[in-house]
Structure formats: structure tokens, C-alpha cells
Amino acid sequence: MSNVTLTRLQTQKPAGDKIVMLTAYEATLARAACNAGVEMLLVGDSLGMVVQGNDSTLPVTVDEMAYHTACVKRGNLGAFLLSDLPFMAAASVDSGLAASAKLMRAGAQMVKIEGGLSLIPLLQRLAQNGVPVCVHMGLTPQWVNLFGGYKVQGRGAEQAQRLIDDAKALEQAGAAMLLLECVPAALAAQITKAVQIPVIGIGAGAATDGQVLVIHDLLGLTLRSRPPKFVKNFMAGRDSIEAAIAAYVQAVKSGEFPGQEHEFSA
Ligand SMILES: Nc1nc(=O)c2c([nH]1)NC[C@@H]1CN(c3ccc(C(=O)N[C@@H](CCC(=O)O)C(=O)O)cc3)CN21
Ligand SMILES: CC(C)C(=O)C(=O)O
Ligand SMILES: [Mg+2]
């Protein structure tokens, strides 16, 4: 299996030991990430932006996710592999099950799905069939057209309480992990305390059980004029991709990344 075992993921939060996750879309960089100490590889639908050059993740298909998952699987050396269900794949329980089956057959060990309470029926069916699920909450990029941009979520008491309640209910329904994107750091800390399952953060402050970044961001590569606030270029001052990824691993493990300059306030 993997260095990060499902047992560890499901039974306990890591004791002071932050989980380090990084996106991967192909074999060679997946191997570099493993060599640098990354514990979990995410085949993110962000590939629609950084690999395909779209301005959102919406064009990505299940077959494309399965193709990149298979590529990453071949380069993987013991990291825990999870893949995103792309836009609309979870629109019905049946389509969510079919898409998850494709990703798991391609090599994923867990699927990540954007959403909230409405995912519970799908979540339960997946768990009953041996598929661990990570629920991606907060800024869910597949909702960009409803949000009106990539904006911080969970600001204001009502929105914050709803995220806390949803996180607890999703844990209760069988979610194996949560991912919080672009929420105030204090809210992410509250949610992380409120559940037993691991919580991974991106733009969610330092208190979550682990961190994730898009590999291109870590390497200082961007198609946009300005990278998101939560991004740090770990390539700066280093002379290899592997050294940059290793610096990210080290910075997450030591608690040095993310810093206050990378987080959002309520
Ligand atoms: N390269 C890359 N990195 C990512 O982290 C990423 C992708 N692509 N594609 C899919 C989504 C889109 N993401 C994004 C994109 C932009 C912001 C952004 O610019 N956010 C503003 C916050 C605005 C506010 O204050 O509400 C920022 O200043 O960081 C955030 C997440 C995260 N994901
Ligand atoms: C940014 C992470 C969390 C993601 O969902 C992706 O890369 O698609
Ligand atoms: Mg994604």
C-alpha cells in the first residue's frame, strides 16, 4: 500500500506530524515528489488550468482524470494517491459511482469530491463499496460561476457555522478526509478541532492536519499575472525541482509554511 496508510487516515489525526500533499498530473514529477518526501499525491482537476490552459476547471472530463491518474500511478513510489471527481461527475449518485469506479481502476486510492451535505447519499454508497472519500469544502472551484470568482468562503458567522455543521455531518456520514480551500484560518482551526478525520488545507492557515499546493505554484510557474495569496514559490534560490519540493515538505513539517502572509482573516 502506501507510506500514509488508510488506517492512519481513518483512525487518528497525525500527532503533531503534518500531512504533506501535492498535486501531480504525470509520472516523472510524481516520482520527484515521492523522492522529496511528499506523502499524498492529488491528481487535481486543476489540471484543466495548469496543464490544459483553461481559465477554470469545468472543461475537465472523467476520462481525462482517469488518464492522468494512470500516469501518476506509474510514477508513484508509495505515496497515497487521490483523484478529483471533475465538474458534474457527482451530479447524480449513479454518475458519481461510475466516475469513482473509473478513477479507482486507474489507480486512485481515494476520490475527492467538491460539495457539502448533498454528497451524503453518494458518500455512503462509495463507502459501502470500499471507496474512501475526501470532501472538498470552502472555495470549491467547480462553483466559480456561482461564487462569481475564486473568493474566500466561510466569512461571516452564518456561513462559518454552516461549514462547521456540514463538516461534522460529512464525517458522521463516512467521509475519510476533508479538504478546506480558502477559508479564514480561525474557521479552519475550529473545523479541524471539531472532527476526528484528517483535514487538509490550502489557503486555510496552519492549523489543519496537512497542507496541499498545486505543483506549478510551488515551482513558481503561472499562467496568471498574480498567484493566489496562499502560494509560495519554493523554487526561489534552489537549483532543482526535487530540492524545491523537499523544501515545501520540510516547511510544512516544521510548521513554517503556511505563514500568516499566506492565510485569510475572517
Ligand atoms: N495553479 C492553480 N493553483 C490553485 O491553487 C488552483 C488552480 N490552479 N486551479 C483550481 C483552483 C483555483 N484556485 C484559486 C484561484 C485563485 C484564487 C485567488 O486568487 N484568490 C484570492 C482571494 C480573493 C478573496 O480575498 O476573496 C487571493 O488573493 O488569493 C484562489 C484559488 C485554487 N486552485
Ligand atoms: C487545489 C487542490 C485542492 C485541488 O482540488 C486541485 O488541484 O484540483
Ligand atoms: Mg480540484
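Excluded from the calculations below are hydrogen atoms, water molecules and symmetry mates; all remaining heavy atoms, backbone and side chain alike, are included. Remember, it's 1-based here, ligands and their atoms both numbered in the order they're listed.
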Among non-hydrogen protein atoms, atom 11 (C) of ligand 1 lies closest to Pro141 CG, 3.7 Å
protein heavy-atom neighbour closest to atom 29 (O) of ligand 1 works out as Lys229 N, 2.8 Å
For Val50, the atoms of ligand 1 under 4.0 Å from one of its heavy atoms are 1 (N)
Closest to atom 6 (C) of ligand 1 among protein heavy atoms sits Val214 CG2, 4.0 Å
Tightest non-hydrogen contact, residues Tyr25 and Val72, listed as C-CG2, 3.5 Å
When rounded to the nearest 0.5 Å, the distance separating NZ of Lys253 from CD of Glu39 is 3.5 Å
Smallest heavy-atom separation, Leu122 atom then Leu97 atom, equals CD1-N, 3.8 Å
Treating Glu64 as the side-chain partner and Thr61 as the backbone partner, does any N or O pair qualify as donor plus acceptor under 3.5 Å?
yes
The closest protein heavy-atom partner of atom 18 (C) of ligand 1 is Tyr150 O, 3.7 Å
Checklist entry - Counting N and O atoms only, with roles assigned by atom type, does the side chain of Lys168 sit under 3.5 Å from a partner on the main chain of Val195, one being a donor and the other an acceptor? => result no
In this structure, OG1 of Thr69 is separated from CG of Leu42 (nearest 0.5 Å) by 9.0 Å
If we number the atoms of ligand 1 from 1 as shown, the ones under 4.0 Å from a heavy atom of Val152 are 24 (C), 25 (O), 26 (O)
Of all protein heavy atoms, the one nearest atom 1 (N) of ligand 1 is Asp217 OD1, 3.0 Å
When rounded to the nearest 0.5 Å, the distance separating CG of Leu213 from CZ of Phe230 is 7.5 Å
To the nearest 0.5 Å, atom CG of Leu119 lies from atom CG of Leu170 at 7.0 Å
For Met49, the ligand 1 atoms with a heavy-atom partner under 4.0 Å come out as 9 (N), 10 (C)
Quiz item: Are the side chain of Lys112 and the backbone N or O of Gly44 linked by a donor-acceptor pair below 3.5 Å?
Solution: no
* Asked: Under 4.5 Å between any side-chain heavy atoms of Glu114 and Asp45, yes or no?
  -> yes
Atoms of type N, O or S from the protein that sit nearer than 2.8 Å to the Mg ion (ligand 3) number exactly 2
Near Lys151 (heavy-atom distance under 4.0 Å), the atoms of ligand 1 are 26 (O)
Looking only at non-hydrogen atoms, the one of His216, Arg224, Glu181, Arg226 nearest atom 32 (C) of ligand 1 is Glu181
Next on the checklist: Has Ser95 got a side-chain atom pairing as donor or acceptor with Ala89's backbone, closer than 3.5 angstrom?
Outcome noted: yes
One line per pair, note the atom names and distance for all nitrogen or oxygen contacts under 3.5 Å between ligand 2 and the protein.
from     : atom 1 : to     : atom 2 : distance (Å)
ligand 2 : 5 (O)  : Asp84  : OD2    : 3.3
ligand 2 : 5 (O)  : Lys112 : NZ     : 2.7
ligand 2 : 7 (O)  : Ser46  : OG     : 2.6
ligand 2 : 8 (O)  : Asp45  : N      : 3.1
ligand 2 : 8 (O)  : Asp45  : OD1    : 2.8
ligand 2 : 8 (O)  : Ser46  : N      : 3.0
ligand 2 : 8 (O)  : Ser46  : OG     : 3.3
ligand 2 : 8 (O)  : Asp84  : OD2    : 2.9

So CG of Leu180 and NE2 of His136: to nearest 0.5 Å the spacing works out to 8.5 Å
Q. Do side-chain atoms of Asn129 reach the backbone of Arg125 as a donor and acceptor pair under 3.5 angstrom?
A. yes
The atoms of ligand 1 lying under 4.0 Å from a heavy atom of Leu139, numbered in the order shown, are 30 (C), 31 (C)
Check the pair Gln109 / Met40 against side-chain contact (heavy atoms from CB on, under 4.5 Å), numbers first and verdict last. CA-CA 10 Å; Gln109 294 168 290; Met40 302 188 91; over 6 Å; no
One finds that the ligand 1 atoms under 4.0 Å from a non-hydrogen atom of Phe230 are 5 (O), 30 (C), 31 (C)
Between Ala204 and Gly201 the two heavy atoms that sit nearest each other are CB-CA, 4.1 Å
